[in-house]
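Everything numeric here is computed off the predicted structure, so don't read it as measured data.
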Amino acid sequence: FDHIFSHLRLLCTMKWLSFAFRSLLAVTLSTAVRAVAPLDPEKPLNEVPFVMSHGSASAYIEIDENFRNFEFVKSYAKTQQVTFSEQLNCGARAFDLKPADNGNNIVFASAFCPVDEITFAEAIQEILDWSSESNELILLKIQDCDGCNDQVDAILEEMKVSYIKQCDIFNILTVAMAYDLYGKVVAIDDSCFVSNHS
């Protein structure tokens, strides 16, 4: 039994440290974002730092706090604690999106976990709704959807969100060009991004 209890203590400590780190990061991020200057419209888009949430859809993962079986894994896949709108309110202007097909809808994946509490279309609509009250540029980093890229393309097209898949186009855009040519919410292929997780 001592062996089991020591493992449980370790798991609880890891869970607490994860929660403490996420809380500290959220406070730091929301404080830092308030000091961010407006984007220079003439700056190349690929040289502009954007605050991006990692595993953006993971906020919607529902976790049973009893953390049995798969629930413990879910708690580590859940890198975000608030909705897309709230992430935008906190200063995120880019989203890390990993669409997935659950057999019925295009949803999301985060680490090992399916995120089917919100569909891809519902998430895009939430971001578009928020952007209708703002003039800021929002980027959607779209990761490859294994076997469902055509459905992702169709959803974005239906919702009138431009999707840049050619990195050579992304690499020549300025902020103003992206905004004028593609709109306030622009989807960009994951391969065109350089992420800096610091």
Side-chain angles (χ1 to χ4, degrees), residues 29 32-33 36-60 77 79-80 82-101 105-111 115 118-198:
L29 178 61
V33 165
V36 173
L39 299 179
D40 176 355
E42 300 310 313
K43 190 159 186 162
L45 188 59
N46 65 356
E47 294 179 13
V48 177
F50 279 79
V51 174
M52 180 189 312
S53 64
H54 174 72
S56 306
S58 68
Y60 296 87
T79 59
Q80 301 302 322
V82 296
T83 66
F84 286 104
S85 299
E86 292 169 314
Q87 291 175 52
L88 285 159
N89 289 339
C90 288
R93 293 298 179 267
F95 291 103
D96 171 32
L97 303 177
K98 183 167 180 47
D101 187 348
N105 282 304
I106 302 304
V107 292
F108 294 97
S110 180
V115 184
I118 186 170
T119 67
F120 185 74
E122 289 167 341
I124 300 302
Q125 189 60 59
E126 184 177 341
I127 293 165
L128 289 171
D129 290 346
W130 189 94
S131 74
S132 70
E133 303 293 323
S134 170
N135 288 322
E136 297 183 64
L137 184 63
I138 299 169
L139 303 182
L140 310 176
K141 181 180 95 164
I142 308 291
Q143 296 186 42
D144 183 58
C145 182
D146 189 23
C148 59
N149 289 320
D150 290 343
Q151 292 111 305
V152 168
D153 293 353
I155 291 167
L156 291 171
E157 184 176 343
E158 182 180 328
M159 301 185 88
K160 297 180 175 34
V161 174
S162 297
Y163 188 6
I164 300 172
K165 294 182 179 182
Q166 297 82 18
C167 297
D168 53 341
I169 292 174
F170 175 68
N171 291 334
I172 63 169
L173 291 175
T174 64
V175 170
M177 288 168 62
Y179 194 90
D180 293 341
L181 295 172
Y182 298 104
K184 293 189 283 188
V185 178
V186 182
I188 301 171
D189 189 82
D190 173 55
S191 63
C192 301
F193 271 80
V194 175
S195 297
N196 180 9
H197 301 286
S198 56

[X]: which residues meet the side-chain hydrogen bond (donor to acceptor under 3.5 Å, both in side chains) condition with it, sequence neighbours left out?
{"X": "Ser85", "value": "Glu126"}
{"X": "Ser131", "value": "none"}
{"X": "Ser53", "value": "Ser56, Gln87"}

Taking the side chain as every heavy atom from C-beta outward, state whether [X] and [Y] have any pair of such atoms under 4.5 Å apart.
{"X": "Val115", "Y": "Val107", "value": "no"}
{"X": "Leu137", "Y": "Leu45", "value": "yes"}
{"X": "Arg93", "Y": "Val51", "value": "no"}
{"X": "Ile127", "Y": "Val161", "value": "no"}
{"X": "Ile124", "Y": "Leu156", "value": "yes"}

*Worked verdict on Lys184 versus Glu136 for salt bridge (Lys or Arg N to Asp or Glu O under 4.0 Å)*: CA-CA 6 Å; Lys184 293 189 283 188; Glu136 297 183 64; over 6 Å; no
_Results of ring pair (Phe, Tyr, Trp, His ring centres under 6.0 Å) for Phe95 - residues two or more places apart only_ =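 Applying ring pair (Phe, Tyr, Trp, His ring centres under 6.0 Å) to Phe95 gives Phe84.
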_Heavy-atom closest pair, residues Phe120 and Ile155_ = CD2-CG2, 3.7 Å
*Exercise: identify the closest heavy-atom pair between Leu97 and Pro99*: O-CD, 3.4 Å
*With sequence neighbours excluded, give me every side chain to side chain donor-acceptor pair (under 3.5 Å) pair touching residues 168-182.*
Asn46-Asn171
*Contact list for residues 157-166, test side chain to side chain donor-acceptor pair (under 3.5 Å), sequence neighbours left out*: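 The answer is Asp153-Lys165.
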_Has Gln80 got a side-chain atom pairing as donor or acceptor with His54's backbone, closer than 3.5 angstrom?_
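Here the side-chain-to-backbone pair exists.
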*Short side-chain to backbone donor-acceptor contact, Glu86 and Thr83, under 3.5 Å*: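 Present.
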*Let me see the working for Val152 and Ile142 under side-chain contact (heavy atoms from CB on, under 4.5 Å), right down to the final yes or no.*
CA-CA 9 Å; Val152 168; Ile142 308 291; 4.2 Å; yes
